[in-house]
Amino acid sequence: MADQSKRHTKVTTSHWGAFEVDVEADRIIATRPFVEDPAPSAIAKAIPAAVHHRSRVARPSIRRGWLEGRRHEGRGSDPFVELPWDEALDIAAQEIDRIRKTHGNEAIFGGSYGWGSAGRFHHAQSQIHRFLNSIGGYIASFGSYSTGCAQAIMPHVFGVNFLSLLYEHQDSWQTILEHTETLVMFGGINAKNAQVSMGGITRHETLSWFDRFAEKGMHCLNIGPQRGDAPAGCDWMPLRPGSDTALMLALAYVLEREGLADQAFLQSHCVGYDQFRPYLMGESDGVPKTPDWAAPLCGVVADDIRALARRMATTRTLITVAWSLQRAEHGEQPYWMSAVLAAMLGQIGLPGGGVGYGYGAIGGVGKSLLGLSGMTLPQLTNPVTTFIPVARIGDMLRNPGATYDFNGHQMRYPDIRLIYWAGGNPYHHHQDLNALHDAWQKPETVIVNEPWWTATAQRADIVFPATTPYEREDIGRTNLDDYLFHMPQLIPPVGAARDDYEIFCGLAQRLGAGTTFSEGRSAADWTEALYADYRTAALEKGVLVPTLDDLKARNWVRLPIEEEGPNQTLFAPFRADPANHPLPTPSGRIEIFSATIAGFGYPDCPGHPVWLPPTEWLGTATEAAPLHLVSPQPGDKLHSQLECALADAAGARPAPLLIHPEDAKARGVNTGDLLRVFNARGACRARAQVSDAILQGVVALPTGAWMGRPREEIDPNGNPNVLTQDRGTSRLGQGCAAHSALVEVAHLRD
Ligand SMILES: Nc1nc2c(c(=O)[nH]1)N[C@H]1C(S)=C(S)[C@@H](COP(=O)(O)OP(=O)(O)OC[C@H]3O[C@@H](n4cnc5c(=O)[nH]c(N)nc54)[C@H](O)[C@@H]3O)O[C@H]1N2
Ligand SMILES: Nc1nc2c(c(=O)[nH]1)N[C@H]1C(S)=C(S)[C@@H](COP(=O)(O)OP(=O)(O)OC[C@H]3O[C@@H](n4cnc5c(=O)[nH]c(N)nc54)[C@H](O)[C@@H]3O)O[C@H]1N2
Ligand SMILES: [Mo]
């Protein structure tokens, strides 16, 4: 490292982009925007305060009740005892060994979902999975909270893996700019969310694309509960959350009814329209899916639906769907139905037409870059084959041995005795956190690696303090970005923090797997080796990547990998020649009806898209819970990260809740008032923000506020996950259904 006493400045990167860091006397004192970023995120401003925050875990800590008597109860309320590293590692290793010997590695849950930090070698998920594999395996998890439901349903429809659809196939921003005339955005395209991207987004360009769309005169329509989900200047069709499938069906009805559906495309490129059509027209169930049928369900005017359908059929139209639509009960349906609607328009495979998912959800979607194989720590193999869909952790802990359905398989929940988490915060990300708290008491031991005393760390038995990326050296690189960073160690580890790698080396060595895990390499050796492989793979593709020494000297480089020439268009070869470029579905075509899914026999996800109202939405609102709660991603941070620093600002917490003027008036609430948001599952505080940019009947409370003490009568900071319901999207996807929740709001005296 450079002279510690002097002030020096370096660039590093993060999930929300690159930034300059000023360091003086071993402390981060300021961050500044990266020179090449046209619209830098403000998130990095919280870094200096967060990295040196009082809520950092200073030393290895063990919960007193567990240390003294291996007592389960007291998670979240017991005090912690600090121990020296060697002693704490000995205790943890003995416990892991005891569990695996007594109950087998199937009793260890290492799914450990979460974003952790950017940086390729010190990626917490890769580290924990490699470690657990080196000691005999663990229960893993499938999918993500982001797109778990889509990852299950969309391969049935288009045949391709959902993530490769997103990142390798979909129309690029450039294609949209050049060809799209009507952009219909279900759930919007939100520049606030595009601030972040897994592994980093260096040039924030979402808003500049919309400026260019506006210049061109593109018609951009945001359909959803919040005007702010799309950039200013876009039109807004307010829609009740959870009702998108009804609206899409009504649009489809108009196309069929008015002879606007592309029958030739449906016959040549799709399978199953003949099974779907009788449902659409009401011949099979007596309910024609007309605009008049959908209007009251969606809160939309029937004539507006007709007009929109006609416009979509007569202009080059791209339908985009936010990930939020599938983070809801029956989230499979709007995803599948959007593909059917696009197929009926007959524009799939034409540039700027068809359908696309998650533009703006993260900054990397819509970039067209040359694919370079990644730089990832090999994870070894997991001898344990049982896994859970990621968002089913609560059910797993509650129901060991119980059977459940998932995407055509009958599965059984394992009996978990030990949870090990690194790089995630389930007390941020999971639903119905009061219920999770009860389930969380069951395992014998919970171990967490964390830089901060998050709600999850507070509910662990053993907490190992982990470094942040500023305290270690790494490489920053993702396939969704064209920059490459050397991320220098900027400051020494805060307190007694260690890198996850070092923590796992210590445990693996005690468990007789030291060499398997580390291969005798230091962190620097690994970085060198992974970088060398990456450089070779890039050179093979004709991309000249600097040597590691050169990169260290330069700190960052922009790689010449932006794709030129023909613009990326989803399924163009399939459209041009379906016989020679079939989709990898059973039929080789787009599956409007899926015999595979029909064969599963799931009432909550039958063989073609259908309207299935959620259990909780405005259609089932009650006096006790009359408002629909959406819990979007926070604009000021990434999930729960850096919250400790943000929450220190006067008046910053509880978090703001957006509420419509009529709903506010009915409750005597004004902007700035303290609120109680509640339902049968829990309650939290929030601060009212009255606005007509949200549909009446809907309230929005962002995620990310740190949860308070267990079973606190009212969560102090405004964590919406004390209110959300913990249920799978359906038997097919079993994804997270956070956006389906009803609540009530009341004025609370300050
Ligand atoms: N109600 C509701 N809930 C939701 C959602 C929603 O829309 N509504 N969205 C869901 C979605 S899409 C997601 S992706 C999840 C996000 O949920 P998470 O990814 O779990 O949330 P983060 O706050 O990013 O948690 C990452 C944790 O890793 C820690 N960390 C950072 N770097 C390191 C490191 O190097 N080592 C270690 N050991 N730890 C590190 C951070 O301090 C932080 O506590 O939330 C989900 N929850
Ligand atoms: N700043 C910031 N950006 C982020 C993140 C972050 O934590 N902070 N997290 C990142 C992650 S992990 C993910 S997965 C993505 C998530 O990206 P998305 O899933 O797109 O984001 P959300 O914020 O959950 O939801 C977007 C909007 O969808 C609307 N919505 C909710 N339900 C419905 C519905 O039923 N129908 C319609 N039409 N609209 C609905 C809500 O008004 C909400 O504001 O964001 C990423 N971007
Ligand atoms: Mo996510």
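Each ligand, and each atom within it, is numbered from 1 in the order the structure gives. Along the sequence shown, the residues carry numbers beginning at 1. Quick note: numbers below take in every heavy atom, side chains included, and nothing from hydrogens, waters or symmetry partners. As the structure is a computational prediction, the values presented were derived from the model and not from experiment.
Those atoms of ligand 2 with a heavy atom of Lys637 less than 4.0 angstrom away are 1 (N), 2 (C), 6 (C), 7 (O), 8 (N). Contact atoms of ligand 1 toward Asp500: 34 (C), 35 (O), 36 (N), 37 (C), 38 (N) (distance under 4.0 Å to a heavy atom of the residue). Taking every non-hydrogen atom of Gln195 and a distance limit under 4.0 Å, the qualifying atoms of ligand 2 come out as 1 (N). Against a heavy-atom cut-off of under 4.0 Å, Arg472 is close to the following atoms of ligand 1: 35 (O). Atoms of ligand 2 lying under 4.0 Å from any heavy atom of Val630, numbered from 1 in the order shown and given with element: 31 (C), 32 (N). Less than 4.0 angstrom separates some heavy atom of His639 from each of these atoms of ligand 2: 6 (C), 7 (O), 9 (N), 10 (C), 11 (C), 12 (S). Near Asp229, the atoms of ligand 2 lying under 4.0 angstrom from a non-hydrogen atom of the residue are 27 (C), 28 (O), 29 (C), 41 (C), 42 (O), 43 (C), 44 (O). Taking a cut-off of under 4.0 Å to the non-hydrogen atoms of Pro241, the atoms of ligand 2 that pass are 34 (C), 35 (O). Residue Val196 approaches ligand 2 through these ligand atoms, each under 4.0 Å from one of its heavy atoms: 2 (C), 3 (N), 4 (C), 5 (C), 10 (C), 46 (C), 47 (N).
Looking at Leu638 next to ligand 2, no N or O pair under 3.5 Å apart turns up. In terms of N/O distances under 3.5 Å, ligand 2 is not approached by Ser631.
Contacts of Asn449 with ligand 1, taken as heavy-atom pairs under 4.0 Å, involve both backbone and side chain. Contact annotation for Thr467 and ligand 1: only backbone heavy atoms (N, CA, C, O) come within less than 4.0 Å of the ligand. When non-hydrogen atoms are compared, ligand 1 lies under 4.0 Å from neither the backbone nor the side chain of Gln725. Contacts between Pro451 and ligand 1, counted as non-hydrogen atom pairs separated by less than 4.0 Å, involve the side chain only. Heavy atoms of Ala466 found under 4.0 angstrom from ligand 1 belong exclusively to the side chain. Of all the heavy atoms of Thr724, the ones lying under 4.0 Å from any atom of ligand 1 belong exclusively to the side chain. The side chain of Trp452, and not its backbone, has at least one atom closer than 4.0 Å to an atom of ligand 1 (non-hydrogen atoms only; side chain from C-beta on).
Heavy-atom separations between Met198 and ligand 1 are all 4.0 Å or longer. The closest approach between any non-hydrogen atom of Gln431 and ligand 1 is below 4.0 Å. Within the 4.0 Å heavy-atom cutoff, Gly188 does not count among the residues contacting ligand 2. Assignment of His123 to the shell around ligand 1 is not supported, since no heavy atom sits closer than 4.0 Å. Within the structure, the closest approach of Ile223 to ligand 2 falls below 4.0 Å when heavy atoms are considered. Residue contact check for ligand 1: Tyr113 places a non-hydrogen atom closer than 4.0 Å to it. Using a 4.0 Å cutoff on heavy atoms, Trp115 counts as a contact of ligand 2.
Nearest-heavy-atom check against atom 21 (O) of ligand 1 across Arg56, His430, His428 picks out His428. Comparing Gly358, Ser324, Ala194, Gly242 by heavy-atom distance to atom 26 (C) of ligand 2, the nearest is Ser324. Checking Asp244, Leu695, Ile362 against atom 34 (C) of ligand 2, the nearest heavy atom belongs to Asp244. Among Ala322, Ala191, Ser146, the residue whose heavy atom lies closest to atom 14 (S) of ligand 2 is Ser146. By heavy-atom distance, the residue among Arg327, Gln125, Glu450 lying nearest atom 27 (C) of ligand 1 is Glu450.
Side chain of Asn449 to backbone of Ala422: no donor-acceptor contact under 3.5 angstrom is found. At least one donor-acceptor pair under 3.5 Å links the side chain of Gln458 to the backbone N or O of Trp453. For Asp726 (side chain) and Ala435 (main-chain N/O), no donor-acceptor pair under 3.5 Å exists by modelled atom type.
With rounding to the nearest 0.5 angstrom, the CH2 atom of Trp173 is 10.5 Å from the CD atom of Glu205. A distance of 5.0 Å separates CD in Gln170 from CG in Leu165, rounded to the nearest 0.5 Å.
Proximity of the aromatic rings of Trp611 and Trp617 is defined here by a centroid distance below 6.0 angstrom, and this criterion is met.
Protein heavy atom nearest atom 40 (C) of ligand 2, with residue, atom name and distance: Pro225 CD, 3.6 Å. The nearest protein atom to atom 1 (N) of ligand 2, hydrogens excluded, is given as Pro634 O, 2.9 Å; this is a heavy-atom distance. Closest to atom 17 (O) of ligand 2, if we only count protein heavy atoms, is Asn193 ND2, 3.4 Å. The single protein non-hydrogen atom nearest to atom 45 (O) of ligand 2 is Ala361 O, 3.0 Å, given as residue, atom name and distance. Counting protein heavy atoms only, atom 5 (C) of ligand 2 is closest to Gln633 CB, 3.5 Å.
Thr467 pairs in a side chain to side chain contact (heavy atoms under 4.5 Å, CB included) with only one of the listed residues (Ile491, Val494, Asp499), which is Asp499.
Note on Arg653 versus Asp648: no salt bridge recorded, every NZ/NE/NH1/NH2 to OD/OE distance being 4.0 Å or above.
Aromatic ring orientation, Trp526 versus Phe121: parallel (interplanar angle below 30°, classes split at 30° and 60°).
Relative to the six-membered ring of Trp236, Arg227 misses at least one condition, a distance below 6.0 Å or an angle of at most 45° to the axis.
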